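Data first, discussion second: the structure below is written as structure tokens.
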Protein chains: 2
Amino acid sequence: MEHYKDEPKTLLAVDCIIFGFNGESLQILLIKRGFEPEINKWSLMGGFVQPDESPDGAASRILFKLTGLQDVYMEQSAVFGKPHREKMDRVVSISYFALIDIREYQHINSQEFKAKWFPIDEYPELIFDHVDMINTAKRLLRSKAALYPILFELLPEKFTLPQISNLYEAVYEIVIDKRNFNRKLLSSNLLIKLKEKDRENSKKGAFFFVIDKDVYKEHIVTFLRFLPSWSAQDMGK
Amino acid sequence: MEHYKDEPKTLLAVDCIIFGFNGESLQILLIKRGFEPEINKWSLMGGFVQPDESPDGAASRILFKLTGLQDVYMEQSAVFGKPHREKMDRVVSISYFALIDIREYQHINSQEFKAKWFPIDEYPELIFDHVDMINTAKRLLRSKAALYPILFELLPEKFTLPQISNLYEAVYEIVIDKRNFNRKLLSSNLLIKLKEKDRENSKKGAFFFVIDKDVYKEHIVTFLRFLPSWSAQDMGK
DNA sequence: TCAAAAGTGTTTCAAGTACACCCATGA
DNA sequence: TCATGGGTGTACTTGAAACACTTTTGA
């Protein structure tokens, strides 16, 4: 009962652009490949889509394999499929980007893969078209985050106002006026102030906040601009 | 020199959501399938990615085959790949959306396919998950068009102000205040007013405009909101 | 002359932007 | 006590929104 038996089949892969934030700069998680081809070169974490799983499922599986994390914010980014993007085999790859709290990853300490965090614009040479994948994901991240408050996925559950503004400054490579930014943020009613303070990063200490989950869900399908319009250049897709 | 010979291969298809605008409502172009499976049912125009072409190339080829049009605005929408989305075979499909000037299509009159335009929310039952594809593409179109002036791709080269506002009203299903909308549009310097008038749609006639191509290219990578913020709900990706 | 669509201006209000100082604390 | 980062308020400017009437012309 197969109908398409004369049609060509292809290898279908997924590659994950894993974003993290260390408090200062936006980072990506790369691995040193342990298999051929291109063994021992740096690359994105990837793998092949299996017959019994969807591409989204494959991406989650692969992210879990590397980081031990589940239920992570993840989104399809783009399909890369030029005939000779890999030299030996024809592989079409779907790229995904994931946003994770870098600190949760750090106590995983995966032995299986040689993985390392790199600043978003200071990483080693990568195989195939993985640089294009990263650039596309970066544009998509900026574009999406200009409309939706997804960047909170990069922060721990409890975070401070300075952390958020540092994050936005890192993602967009801009300088933010903290007074205006904080006001806009607070006026969204998205944040709940805790009594507790973070004393790690300053002497005075900065108050912790958490997301108001109900409001957050609404914002996911609503318009909210967290950035001044002049910062929104080159957002791609 | 193949490295991945134990990995599974899959059929990889593309499906095109072809948007057109008839002056009143947003339309999509559907075909009646001339082949098994699901012969004689309505569906999106699609086809398989060939070994010597990229997915983007496949989408362009398929669009050309149906419409005779080339150099059309086209964008990757999303990948659909649940294991059993087609009953008999495992097919992963990349959906694309295209924006075409419906009038250019109309003098093509393709005999090869039984194709027909349908209003965007009034089309027949479709095979597989093509309805999901259309909904995803619709959300993406709205989201993208809220930031970039891509909807002009749906209009003829010369168009009138009432045509543009009808188009935005159709895409977002809103009612627009023409005075505010026209002012915003004109203040973008994106439009060049011609001396000529369109007399087909009214007695008084409406002036034609064309896009200022240089400004247009800049807007493609710049921020410009053509819509009131309250209209921007449910824009998905 | 009238019906039908095109085109035009002003006021009000909300949001964005620019800008500078005091506060709390640990070293 | 001082160096460091956290936090707060106001005036100004720009853009968004609400709103109604006149113009043109073919039938």
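Quantities reported herein were computed from a predicted structural model and do not represent experimental measurements. In what follows, chains carry the letters A, B, and so on, assigned in the order in which the sequence lines appear, proteins first and then strands, with residues in each chain numbered from 1.
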Q | d(NZ, B:K197; P, D:dT23) in whole Å | A | 14 Å
(Q) For the residue pair B:D15 / B:S93, report whether a side-chain donor-acceptor contact shorter than 3.5 Å exists. (A) yes
Q.
Testing the 3.5 Å rule here: is there a donor-acceptor pair between the side chains of A:S77 and A:E75?
A. no
Q.
Without decimals, in angstroms, what is the distance between A:R199 CZ and D:dG7 C1'?
A. 14 Å
Set out, line by line, the N/O atom pairs under 3.5 Å between protein and nucleotides 1-5 of chain C.
none

**Q.** Expected output: side-chain A:Y172 to main-chain A:R142 donor-acceptor under 3.5 Å
**A.** yes
Q) For the pair made of CG in B:D198 and C1' in D:dG26, what is the distance, rounded to whole Å? A) 14 Å
(Q) Could you tell me if B:E24 and B:N166 have a donor-acceptor pair between their side chains, going purely by distance under 3.5 Å? (A) no
Q) Rounding to a whole Å, what distance do you find between B:I164:CD1 and C:dG7:C1'? A) 14 Å
Q) Under 3.5 Å, is there a donor-acceptor pair between the side chain of A:E153 and the main chain of A:I150? A) no
Q.
Output the rounded distance in Å from CD1 (A:I176) to P (C:dC19).
A. 17 Å
Q. Between A:Q163 (CD) and D:dG6 (C1'), how many Å, whole number?
A. 13 Å
Q | B:K144 to B:Y148, cation-pi by 6.0 Å centre distance and 45° axis angle | A | yes
**Q.** Nearest-angstrom distance from the residue atom CZ of A:F181 to C1' of C:dC19
**A.** 19 Å
Q. Is it true that a side-chain atom of A:R103 and a backbone atom of A:P156 form a donor plus acceptor pair closer than 3.5 Å?
A. no
N/O-N/O pairs, protein side and nucleotides 8-15 of chain C side, under 3.5 Å:
| unit_1 | atom_1 | unit_2 | atom_2 | d |
| --- | --- | --- | --- | --- |
| C:dT10 | O4 | B:R183 | NH1 | 3.2 |

Q | A:F159 CZ - D:dG6 C1' separation (whole Å) | A | 16 Å
(Q) Before you tell me yes or no, could you show the steps for B:D101 and B:Y105 under side chain to side chain contact (heavy atoms under 4.5 Å, CB included), namely the whole-Å CA-CA distance, both residues' side-chain angles and the distance that decides it to 0.1 Å? (A) CA-CA 7 Å; B:D101 174 2; B:Y105 171 75; over 6 Å; no
**Q.** Aromatic B:F207 / basic B:K193 pairing, under 6.0 angstrom, 45° off normal
**A.** yes
